[in-house]
Number of protein chains: 2
Amino acid sequence: MSLAISLFAKKGYNGVSIRELAIAANLSVAGIYHYFPDKQSLYQEAVKQCFSNKAFSFSSIWQSDAPPKDKLRLFVHSLLKVMLDDKDFHNLLQHELLLADEVRLKLLADNIFRDEFNELLKLSSQLFPQQPAYLMAISILSLVFSHLELQPLGRFLPDYQTKYETIDMLTEHIVSLLLEKSITID
Amino acid sequence: MSLAISLFAKKGYNGVSIRELAIAANLSVAGIYHYFPDKQSLYQEAVKQCFSNKAFSFSSIWQSDAPPKDKLRLFVHSLLKVMLDDKDFHNLLQHELLLADEVRLKLLADNIFRDEFNELLKLSSQLFPQQPAYLMAISILSLVFSHLELQPLGRFLPDYQTKYETIDMLTEHIVSLLLEKSITID
DNA sequence: GTCTATATGGCGATAGAC
DNA sequence: GTCTATCGCCATATAGAC
């Protein structure tokens, strides 16, 4: 199944055939249909397993009594690590966002993201009381998410350096961007 | 051709058949092959046209003598507007980032994004001298990009309000997040 | 449970008339 | 330039033996 997840993550639903999945599973095509009624079911099971495997266990962060700023740093670092360690998760999530199937996105929101997002909302309202908590939480997620998403393109943009892809540098940048006053010249 | 762009943006390369494209173009399948040697060429032409249509004409912003902070606000607002006005562009870009074809991403970087990104780098180093310009520029793009990308999911998350999707509210949030000191409680 | 064999249909692409 | 007709292939899915 983990091979199926990987294939769907890399090539998308329409990019993977039952034949490929059968080979990856060391099974004949008919063998696949013994376990799943059709391709859609297989795909949805793959997504479900990939996402719930995470279980997004950031609970130790939320439960610690570290100061909010440290919690933010830990969260950003952990999220970056989860995404970098499991590119399949990142890619599958992007595919699901693109498909934008309302039913499946609602399941995702309720089952996978809801609790973590609530904690992130709390943290946001503590650290950034002058901003709407919802927008602030999305912004934090955006910074992590999109930095990774843009990396394949960024490698060809001016001023790019490989060190900008390291997890520590990204964490430091994102956290200080969020927390430190910018010294601006008007 | 704009119908082809729309189809590819919504369903991805593998999700659209030549037959669909033929119907959309009011042509027979063979008719399509009079103009394009194969499906790949048609797709690449669609991408090219969709992206260069933008030409990303933010030049008036860069050339103005407005203070840097105002330029930032104008840029964020304009980029949000471009993305919201042309969802096909946004979706097609996401598909291209997911495919991560090195050759095509390099073309994209060189032909479409390079000049605008250079301007954004300049602005970033003016406004945020304490941050690496590259990371800062990517962060600005990330905030715009991912807020939109996460909208379909965000609608099912706690604390969501429809007003958070308005272009003015998003602009205000992103700009003030970047420019204003956060009043944090340790 | 897993296989071979096959049904049925859509796919990308082409031939050749007009 | 645009069409109808068709090719060969691969897709999803099923039937039925073992």
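A, B, ... follow the sequence lines: proteins, then strands. Residue 1 opens every chain.
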| Can you find a heavy atom in the side chain of A:His147 that is under 4.5 Å from one in the side chain of A:His173? | yes
| request: Return the value, rounded to whole Å, for the distance between atom CG of B:Asn14 and atom C1' of C:dG12. | output: 12 Å
| said: Please report the distance, rounded to the nearest Å, between CD1 in B:Ile18 and P in D:dG8. | reply: 20 Å
| said: D:dC10, OP1 or OP2 - any side-chain N/O from A:Ser17 closer than 4.0 Å? | reply: no
| request: Would you tell me whether A:Thr171 and A:Asp168 have side-chain atoms, one donor and one acceptor, within less than 3.5 Å of each other? | output: no
| said: One thing to verify: whether B:Lys11 and B:Glu20 come together as a salt bridge, which I'm taking to mean a side-chain N less than 4.0 angstrom from a carboxylate O. | reply: yes
| query | Side chain of A:Ser125, backbone of A:Lys122: donor and acceptor closer than 3.5 Å? | reply | yes
| task | Calculate the interatomic distance between B:Tyr43 atom OH and C:dG12 atom C1'; express it in whole Å. | result | 17 Å
| field | Within residues 24-37 of chain B: residues closer than 4.0 Å to DNA chain D (heavy atoms) | value | B:Leu27, B:Ser28, B:Ala30, B:His34, B:Tyr35
| query | Atom CG of A:Leu42 and atom C1' of D:dA13: how far apart are they, to the nearest Å? | reply | 13 Å
| field | Atom-pair distance (CD on A:Glu20; P on D:dA11), nearest Å | value | 7 Å
| field | Check: B:Arg19 side chain, C:dG12 base, donor-acceptor under 3.5 Å | value | yes
| query | Hey, are A:Arg155 and A:Glu165 close enough for a salt bridge, meaning a charged N less than 4.0 Å from a carboxylate O? | reply | yes
| query | For the pair made of CG in B:Leu21 and C1' in C:dG10, what is the distance, rounded to whole Å? | reply | 14 Å
| query | Just how far, in rounded Å, is C1' of D:dA13 from NZ of A:Lys39? | reply | 12 Å
| field | Distance-only polar pair, side chains of A:Gln131 and B:Ser176, donor-acceptor under 3.5 Å | value | yes
